[in-house]
Student: 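Here it is: the structure, laid out below.
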Amino acid sequence: MRVNGQRLWDSLMELAQIGATDKGGVKRIALTELDGQGRDLVVRWMREAGLTVRVDSIGNIFGQRPGKDPKRAPVGTGSHIDTQPSGGKFDGNYGVLAGLEVVRTLNDLGIETEAPIEVCAWTNEEGTRFTPVMMGSGTWAGLFKPEDMHLRPDFEGITVGEELKKIGYLGTAPCGPSAEYPGFAAYFEAHIEQGPVLEDADLPIGVVTGALGQRWFDVEIVGQEAHAGPTPMPLRRDALLALSHLVQAVNRIALAEAPHGRGTVGFVQVSPNSRNVIPGSIKSTIDLRHADDDALNRMEKAAYAAAEEIAAMVKTRSGGVSVKVTPATQFPVCKFDPDCINAVRLGANALGLANMDIVSGAGHDAVYVGRTCPAAMIFVPCKDGISHNEVEDAKPEHLEAGCNVLLGAMLERAGVVVAKEKAAAASTLA
Ligand code: HGY
Ligand code: MN
Ligand code: MN
């Protein structure tokens, strides 16, 4: 039994047209008109594949393929189709379309499974426009309340609820495991690695054993706008100078916790952002990650201490700068389910696909879904390990291999009731 790699690639390329950028990437930010168009296309494909589609109150999309035993909890798969502002064709999109390709393959081969199969597209995984990151899967897993998430504003003050309504995805299905939809027996997510490890080892499959813990913070620095000419250096309350010290500190904090420590200041909004005005205020962010929660605690403590030192450092007669660091979102180190991890590893070995265990540096919806059921992930390499970048690229043969491992792992959990006449015919296809 093998998936149709060409069909998977073609679907990826077609979805990538929605929000396509000149440099070959995709800009389809959560809950924008383009996200709505991408959702409409995926929902159309789900329905064409015979799936029953429902949308929950945070906009998560679920496409269910019935199993022989409707009482069994479904085996789930999926990911996200929202992207970074300078995102790529594969981050998230691959996991949703690999799940759809599994369904299309089962349809082609006339295979019925014991348990239902569900393909999900989770809302706002990226967290670039609205925090928290992985909002849809986190709400479904019960970490956030839908009504609170509906009020979450973007930088322009537009809320999640308004945007869900505007794009037609403020659904009515229950958000979270319910009597009607009991949640998953197991969940598998296929994703590009978004780092260089698999490509460096020249391996097609990563057996993902877990993910780094993350701590995100919002930063607000307030000094004083003043004229760049008449204001002597010692008398300035320069907010951007303070941020430059914070960037150095975040890098030092992460390096001190090598090799798994990560520290990034990725977002900076300078006001008034004029070349001849001393920056008066800054909005920024800090993203800390590690494979160990105690190390994350040390990093967080060090970040707060650095903020205090910097505020004390940039002092003048007329005052200093304030440096406010507030938690935005966080989740602890994630360890996936050993049996699901094994299902992925055995699936790869059965297909003769060389593989290695790997910890995800990125967060994924499987991290939160895995709070409600056994879960694991399948990684495939991406070119030069680059992601969250318009040049993001992956090889069709790797994407196909990962999707075949996904097919095997899901069937191992869902159980197969083979339609005799079609299976016999299909075996000549394989
Ligand atoms: O930031 C992450 O880890 C993910 O890409 N949202
Ligand atoms: Mn992703
Ligand atoms: Mn991402």
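Order of appearance sets the numbers: ligands from 1, and atoms from 1 within every ligand. All of these numbers come straight from a predicted model, not from anything done at the bench. Positions are given from 1, in the same order as the sequence printed here.
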Student: Any N/O of His388 closer than 3.5 Å to an N/O of ligand 1?
Tutor: yes
Student: Can a non-hydrogen atom of Arg289 be found less than 4.0 Å from any atom of ligand 1?
Tutor: yes
Student: What I want to check is whether the side chains of Asp91 and Gln84 have a donor and an acceptor closer together than 3.5 Å.
Tutor: no
Student: Is Glu14 salt-bridged to Lys89, going by a charged N under 4.0 Å from an acidic O?
Tutor: no
Student: Within ligand 1, which atoms have a heavy atom of Gln214 less than 4.0 Å away?
Tutor: 3 (O)
Student: With atoms numbered from 1 as shown, which atoms in ligand 1 lie under 4.0 angstrom from a non-hydrogen atom of Ala362?
Tutor: 3 (O)
Student: Should the ring pair Phe62 and Trp122 be called parallel, tilted or perpendicular, given that the plane angle runs from 0 to 90° and is split at 30 and 60?
Tutor: perpendicular
Student: For His191, what is the atom name of its N, O or S atom nearest to the Mn ion (ligand 2)?
Tutor: NE2
Student: Tell me, which protein residue and heavy-atom name are nearest atom 6 (N) of ligand 1, and how many Å apart are they?
Tutor: Glu125 OE2, 3.1 Å
Student: Using a 4.0 Å cutoff against the non-hydrogen atoms of Trp216, which atoms of ligand 1 qualify?
Tutor: 1 (O)
Student: Do you know which of Leu109, Val103, Asn107 makes side chain to side chain contact (heavy atoms under 4.5 Å, CB included) with Thr105?
Tutor: Leu109
Student: Does a side-chain N-to-carboxylate-O contact under 4.0 Å join Asp154 and Arg129?
Tutor: yes
Student: Please name the atom of Glu126, restricted to N, O or S, that is closest to the Mn ion (ligand 3).
Tutor: OE2
Student: With a cut-off of 2.8 Å, does Glu125 put an N/O/S atom close enough to the Mn ion (ligand 3)?
Tutor: no
Student: Distance under 4.0 Å to a non-hydrogen atom of Val133: what atoms of ligand 1 satisfy this?
Tutor: 6 (N)
Student: Would Ser86 and Glu390 count as a side chain to side chain donor-acceptor pair (under 3.5 Å) if you check the C-alpha gap in whole Å, the side-chain angles of each, and the deciding distance to 0.1 Å?
Tutor: CA-CA 5 Å; Ser86 55; Glu390 292 167 276; 5.2 Å; no
Student: If only side-chain N and O atoms count, and only distance matters, is there a donor-acceptor pair under 3.5 Å linking Asp40 with Tyr169?
Tutor: yes
Student: For Asp365 and Ser137, does a side-chain donor sit closer than 3.5 Å to a side-chain acceptor?
Tutor: yes
Student: Verify the distance test for His80 against the Mn ion (ligand 3): any N/O/S atom under 2.8 Å, yes or no.
Tutor: no
Student: Only heavy atoms count here, so choose which of Gly92, Gly363, Ser387 is nearest to atom 3 (O) of ligand 1.
Tutor: Gly363
Student: Just say parallel, tilted or perpendicular for the rings of His260 and His290, cut-offs at 30° and 60°.
Tutor: perpendicular
Student: Only N/O/S atoms count here: what is the atom of Asp91 closest to the Mn ion (ligand 2) called?
Tutor: OD1
Student: Taking the non-hydrogen atoms of Gln194, is any one of them nearer than 4.0 angstrom to ligand 1?
Tutor: no
